[in-house]
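Residue numbers begin at 1 in each chain, while the letters A, B, ... track the order of the sequences.
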Amino acid sequence: MDLDANRSLIAAALERIPGGDRAALQTVYRLTSAKLFGVAIRILGERSEAEDVLQEVYVTVWRKAAAFDAARASPMTWLIAIARNRAIDRLRAGRQNRRMEPIDVAHEVADTAPAADSALENAQDHARLHGCLEGLVAHERAALRGAFFDGNTYDELAERMKVPLGTMKSWIRRAMIKLKSCLKQ
Amino acid sequence: MTDIDDHSSMSEDELLAAEYVLGVLAGADRAAAERLLQRDPKFAAMVAAWEQRLTPWAREIADVSPPPQVWEAIAAALPAPPRAGLWESLAFWRGLALAGALAAACLGAFLYLGALNRERPLVATIEGGGSRAFVATIDAKRGTVAVVPAAFSADPTRVPELWLIPADGKPRPLGLLRADRPVFITIPPEFAAQTVRDAVLAVSLEPPGGSPTGAPTGPVIGTGKLTSL
């Protein structure tokens, strides 16, 4: 599918939702639910919780679609942020299913190629981010991965990587500063 | 990329925004970031900028198709749609479907008593899982079937398809249905002889465009026997 066309289809449908257009929400769901379900499963580690979260996400989209501004944000970025936040809220509310196996930096898996996906339009943005992540020290990159993909907190990352909490905080903060500066270039 | 020894290039607020988007905060820290997000437009802009920077990473997560009941639950959680024109109003058609048997009975009686039509209409209430999904009325003279949705919720990935199952038990495709309005289908002439009393109508969920095989491939969500009024 033409990705630009896909992006404008999603944005146009989001703009019809505040008028109470259910078919527009259904269009958004059809075009984006597989990506958001993948994101929720990745963070929560299991399907049934992810199904509940997916339901909450689209009910939130129905209520908050008026806040989406196509001139300022990509629709997928906006939707994925809602899905990640809802999944993280769910993860923090329960204590189960945490990914807590140790992270071994020496055997850290290389960043994988983009999965075959239907809805994320910005291959260039991904390539740029990927390049900047490659510029980080391996332990910084591993810590960011644990947070972004597994939904780990500072405490959990410190435990998984066997470092003091203060060390983990400065790794992450330093990595974020480097990322911002690299992405600016 | 140069290494950075202090945090001077990012304010505490911006670091908090970055941590919030990354997802490392918990408890009081996450709640504080959420409060700031609601109240402080500058903080909200920082969060949006960090979402823009980090979200492309999600490209590495593979798509997973959710099961159809997720959409059904979402549709059920939405507020009732605003009143639309009568033709567009599903509530109207649902009401009509509930009154359908009575209305058809009156019509049938008229037709019968007036001897305008020797053939009495056949109706089928297509039910499954304890609820009435569609009501079908066959006009044998014209060779059409009118199908009105009742308690059927749309599924975004699959479409309802109507089947005729005569005495031989083999389903014949009649056409695609809609969740939001009635459809009128012309019965193929080769099936006309089987569209008789006690034949069964069934609805299955199929890929967009209908069953690719000519036989039901998805779950059957309801069936109903044709009865004459």
Side-chain angles (χ1 to χ4, degrees), chain A residues 20 22 25-26 29-30 33-35 37-39 41-42 51 54-55 58-59 62 72-74 76-78 80-81 84 88 92 111-120 122-123 125-126 128-129 132 135 144 147-149 151-155 157 172-174 176-183, chain B residues 1-10 14-15 17-27 29-30 34 45 47-67 69-82 84 90 154-157 180 208:
Chain A
R22 289 164 160 250
L25 183 71
Q26 199 169 340
Y29 184 87
R30 205 179 59 240
S33 56
K35 169 84 326 176
F37 194 44
V39 167
I41 290 176
R42 184 71 181 82
E51 286 175 22
L54 196 63
Q55 188 185 326
Y58 286 94
V59 173
W62 174 260
R72 289 175 54 190
S74 129
M76 277 320 286
T77 298
W78 189 72
I80 289 171
R84 288 193 70 241
I88 288 169
R92 300 281 186 270
D111 268 6
T112 47
D117 71 350
S118 56
L120 263 184
N122 44 1
D125 288 350
H126 178 265
R128 245 154 57 87
L129 176 65
C132 288
L144 292 191
F148 189 87
F149 291 104
N152 284 141
T153 62
Y154 271 135
D155 284 315
L157 288 170
I172 295 244
R173 290 185 154 207
R174 181 173 296 206
M176 298 300 264
I177 290 166
K178 286 190 205 169
L179 259 190
K180 186 188 170 188
S181 131
C182 173
L183 287 167
Chain B
M1 189 186 309
T2 53
D3 207 346
I4 294 151
D5 291 325
D6 57 39
H7 297 161
S8 58
S9 60
M10 266 164 69
E14 186 169 9
L15 284 166
E19 292 169 324
Y20 173 72
V21 173
L22 184 62
V24 283
L25 300 179
D29 293 338
R30 184 165 167 85
E34 271 162 359
V47 166
W50 273 105
E51 284 171 350
Q52 211 71 40
R53 290 184 191 107
L54 290 180
T55 307
W57 216 357
R59 198 180 165 87
E60 292 174 21
I61 299 172
D63 288 6
V64 183
S65 291
Q69 63 265 26
V70 176
W71 172 256
E72 285 160 24
I74 293 163
L78 300 182
L90 186 55
D155 177 323
T157 55
D180 57 350

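- Interface summary for chain A: among B/A26, B/A75, B/P67, B/P66, the most heavy-atom pairs under 4.5 angstrom belong to B/P66.
- Heavy atoms closer than 4.5 Å to chain A are found in the side chain of B/A77, but not in its backbone.
- A donor-acceptor pair under 3.5 Å is absent between the side-chain atoms of A/K180 and the main chain of B/M10, judged by distance alone.
- Contacts of A/L157 with chain B are made by side-chain atoms alone, with heavy-atom separations under 4.5 Å and no backbone atom involved.
- Both cation-pi conditions hold for A/R84 and A/F148: the charged atom is under 6.0 angstrom from the six-membered ring centre and inside a 45 degree cone around its axis.
- When each of B/V21, B/T157, B/I74, B/D29 is scored by its heavy-atom pairs under 4.5 Å with chain A, the top score falls to B/I74.
- Between B/R30 and B/E19, no side-chain nitrogen of the basic residue sits less than 4.0 Å from a carboxylate oxygen of the acidic one, so the salt-bridge criterion is not met.
- Proximity of a side-chain donor or acceptor of A/R92 to a complementary backbone N or O of B/L25 within less than 3.5 Å is detected.
- Of the listed residues (A/R128, A/E51, A/R42, A/R30), the greatest number of heavy-atom pairs within a distance under 4.5 Å of chain B belongs to A/E51.
- Listed options A/G38, A/A73, A/A81 were ranked by heavy-atom pairs under 4.5 angstrom with chain B; first place goes to A/G38.
- Distance alone, capped at 3.5 Å, is enough to place a donor-acceptor pair between the B/T55 side chain and the B/E51 backbone.
- Heavy-atom pairs under 4.5 Å with chain A were tallied for B/A49, B/G27, B/A48, B/A73; the largest tally goes to B/A73.
- Taking the six-membered ring for Trp and thresholds of 30 and 60 degrees, A/Y29 and A/Y58 have ring planes more than 60 degrees apart, a perpendicular arrangement.
- Proximity to chain B (any heavy atom under 4.5 Å) is shown, for A/L54, by both the backbone and the side chain.
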